[in-house]
Structure formats: C-alpha cells, structure tokens
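Below: the structure, in structure tokens.
The chain is numbered in sequence order, starting from 1. Bear in mind the structure is a predicted one, so any value in this text is a computation, not a measurement.
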Amino acid sequence: MAPRKRRPPNKKNPSPFEALGLLLAHFRVVAGHTQAELAQVLIISESKLASMEQGRRPLTLTMAQELDRILETKGALEVSVSNLPEVDEAIPTFAAEFIELERQALTYSSYQNQVLPGLLQTEEYMRAVFRNDIPALAEEEIEFRVTARLKRQEILQSKIPPSASFIISEATLMDRIGGEDVWRRQMRHLRECADVPGITIQVLRLGRTTHAGLSGPFVLIETPDHDHLAYAETQRGSLMVHDPDGVSILARKYAMLRAQALDPEDTKGLLDRLLGE
C-alpha cells in the first residue's frame, strides 16, 4: 500500500466545502471527464464547476445527486453533502451555504422588514433579538449565535469589502427591541454605517400604497465568479435560490424596492431626526 501523503505543516486544513470539492474533482478525473466536458453535460458553465471543485461554490444536494448519476459514484456525493459538518457551532447546517457565499460576496443586497440586517446590528441588539426566540434559547446558545453574527460582520471591514446595499422597513426602526437604550445605540450605529463608503442604506417608509417586498425579506449575492444567487429565511429554515429565473424575479423586486425607498441622503436625515440631531 502506498504511504499516505502528509499535508505540509504550513498548509491549512481544507474547509468542508473544499474537501467536498476535492472529492468531486477526484471522481471526475476517475470517470475520465475534463471540467469542460462535465460542465457541458451538467449544462452549467465551466467556471461554476471549477468553483465547486475549489470549494468556493458549495455543492447543493440536487447537484450532488445529478453528479452521482453521471459519474456513477453510487450516492457518495449525496451522502457527503447530506452530512456536511456545520461551518460554525453557532451556524445551523441549513445556513452554511449562505454563510460561505456571504464571506466571498462581491455585492450584497439585503431587504429586511422584521429586524435590522444582521450585518448592521450592534451586539446588544443581537442579544435582544435572540432573547425573543420561542422556545427560549439558553444563554450559552445566545452567546454562540452572537459570536457567529459578529464574525459575519467582519466582511464589511475586510480589505476588499463587498458593495453592500440595505433596504429596511421603517417598522424595524420603530420597534424598541431590547429597550430604549439598546435602540438608541443601535440607531446611532446604523447612522454611522450609513456614512461608510461602499455601504448604502435606504428606509422604506410606512404607509405606502405600493410595495414590492410584501412576500418577505431576502438577500441577493454576487459571487467572485459573477454568479447571482438569492437567500431567504423562513420561520423553520431557509431557501437558497440558484435558479436564474428565481434570482431574476427577486432582483427585479429589489430594484423596485430601491425606487420606492427613501434615497440614502434622505435616509440619513430620517435617522438624524429619530436621534434628535
């Protein structure tokens, strides 16, 4: 038996998605396909397949099943995807793909109508939000989730941050989640974020007669490969949208919401008035 190759000591262990990508690449080579050939069979771009093999684009369960059929791998990829470990102790598996894509996003567009966007929340506000979960979360679980959310916010302070757009319902500004002091510090933080280059914040006023976001909140992401994806959370899970038609519908909704919301300067003025400044 050939000795197992050891990983160089200065090379980090692959992430779960990178490890799965290496397995996919191995199966492709064994089956005798080039990336171009397999991409043509899958009816996707070669760059998308390359991203999957590099772990930059998570492999979906549906795609894993299709690859198992084409590569005759007897369900190996489906089992691997179904049993991926969680990216972080505080991040559930159903959100793992979104978190991984969020870290690499070139552009990030978020519409929220229940709570303020997670990437713009203060630590106090996060805790208040998580303490409203039903059934109630243990304090340890709340701390796990706060830690994970703070970690996610690092993308806005990265060396090359994404171009980020946020549209938030005025209702999220009116609620005093966590109490008056938490609310005031959160509003001040939101106002500071509105002045950060690369971040655009717009408020959708209450009392409208037309509204493009009645179906609920969602996020749009553009990846380094210029793929356009969408993500939406529900009461009991989440939905990652890869289908171009589905993403296009949400992109059109977002474009309309931007037109319906206050422009960034008027939004800053509204926040200043709420803060009494």
Side-chain angles (χ1 to χ4, degrees), residues 12 14-25 28 35-36 38-64 66-67 77 80-81 84-88 91-112 117-120 148-149 151-167 197-200 217-233 237-255 257-258:
K12 69 180 182 68
S15 71
F17 293 111
E18 289 170 338
L20 183 56
L22 290 170
L23 184 62
L24 169 57
R28 172 181 58 77
Q35 282 187 343
L38 184 55
Q40 187 173 16
V41 173
L42 291 167
I43 317 178
I44 62 173
S45 69
E46 187 176 348
S47 64
K48 285 186 180 181
L49 178 58
S51 293
M52 291 177 192
E53 293 188 356
Q54 294 162 7
R56 292 195 297 155
R57 180 187 177 94
L59 189 59
T60 65
L61 185 61
T62 301
M63 182 62 74
E66 181 67 5
L67 283 162
L77 292 170
S80 297
V81 170
L84 277 172
E86 296 187 0
V87 172
D88 186 281
I91 299 171
T93 301
F94 68 73
E97 180 180 1
F98 170 69
I99 299 300
E100 193 69 17
L101 291 166
E102 182 182 65
R103 288 171 180 161
Q104 306 170 41
L106 290 180
T107 64
Y108 183 98
S109 303
S110 172
Y111 164 63
Q112 301 295 327
L119 295 185
L120 301 180
R149 186 158 292 181
K151 182 70 175 176
R152 287 174 54 202
Q153 290 185 350
E154 292 178 4
I155 68 169
L156 296 181
Q157 288 85 43
S158 62
K159 187 175 182 180
I160 306 179
S163 297
S165 167
F166 299 92
I167 299 173
I199 295 179
T200 301
F218 59 92
V219 175
L220 299 169
I221 286 177
E222 180 185 3
T223 73
D225 296 317
H226 305 294
D227 293 326
H228 294 267
L229 310 165
Y231 175 81
E233 288 192 344
S238 67
L239 174 66
M240 197 80 213
V241 183
H242 295 272
D243 173 60
D245 291 335
V247 176
S248 174
I249 290 171
L250 291 174
R252 282 180 277 165
K253 288 189 177 191
Y254 198 84
L257 284 166
R258 293 192 77 163

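Residues forming a side-chain contact (heavy atoms from CB on, under 4.5 Å) with Glu46 (at least two apart in sequence, or on another chain): Gln35, Ala36, Ala39. Gln153 meets the side chain to side chain donor-acceptor pair (under 3.5 Å) test with no other residue; sequence neighbours excluded. Every side-chain contact (heavy atoms from CB on, under 4.5 Å) that Pro217 has, sequence neighbours left out, goes to Gln112, Asn113.
Nearest heavy-atom pair across Tyr254 and Tyr111 is CE1-N, 3.8 Å. Listed here is the closest heavy atom pair of Met63 and Leu42: SD-CD2, 3.9 Å. The two residues Arg152 and Leu119 make their nearest non-hydrogen contact at O-CD2, 3.7 Å. Of all non-hydrogen atoms in Pro162 and Ala105, the two that sit nearest each other are CB-O, 3.3 Å. Residue Gly246 comes nearest to Val241 through the heavy atom pair C-CG1, 4.0 Å, listed as atom of the first residue, atom of the second, then distance.
Side-chain contact between Phe218 and Ser110: absent, with no pair of heavy atoms (C-beta onward) separated by less than 4.5 Å. The shortest side-chain heavy-atom distance between Leu156 and Ile199 falls under the 4.5 Å cut-off. Between Glu222 and Asp227, every side-chain heavy-atom pair lies at or beyond the 4.5 Å cut-off. Residues Tyr231 and Leu239 fail the side-chain proximity criterion, which asks for heavy atoms closer than 4.5 Å. Under the 4.5 Å side-chain criterion, counting only non-hydrogen atoms from C-beta, Leu120 is in contact with Pro117. When side chains are defined from C-beta on, His228 does not count as touching Ile221, because their heavy atoms never get closer than 4.5 Å. Considering only heavy atoms from C-beta on, Leu220 stays 4.5 Å or farther from Leu229 through its side chain. In this structure the side chain of Arg28 reaches within 4.5 angstrom of the side chain of Glu53, judged on heavy atoms.
Note that the CD1 atom of Ile99 and the CD atom of Gln104 stand 12.0 Å from one another [nearest 0.5 Å]. Distance check: Gln54 CD to Leu49 CG gives 9.5 Å after rounding to the nearest 0.5 Å. Ile160 CD1 to Leu106 CG: the interatomic distance, rounded to the nearest 0.5 Å, is 9.5 Å. Considering CG of Leu257 and OG of Ser109, their distance stands at 11.0 Å, rounded to 0.5 Å. The line from OG of Ser80 to CG of Leu23 is 5.0 Å long, rounded to the nearest 0.5 Å. We find the CD1-NE2 distance between Ile44 and His242 to be 11.5 Å, quoted to the nearest 0.5 Å.
Side chain of Glu66 to backbone of Thr62: no donor-acceptor contact under 3.5 angstrom is found.
Residues Glu154 and Arg103 are not paired through a salt bridge, judged by the lack of any N-O separation under 4.0 Å between the basic side chain and the carboxylate.
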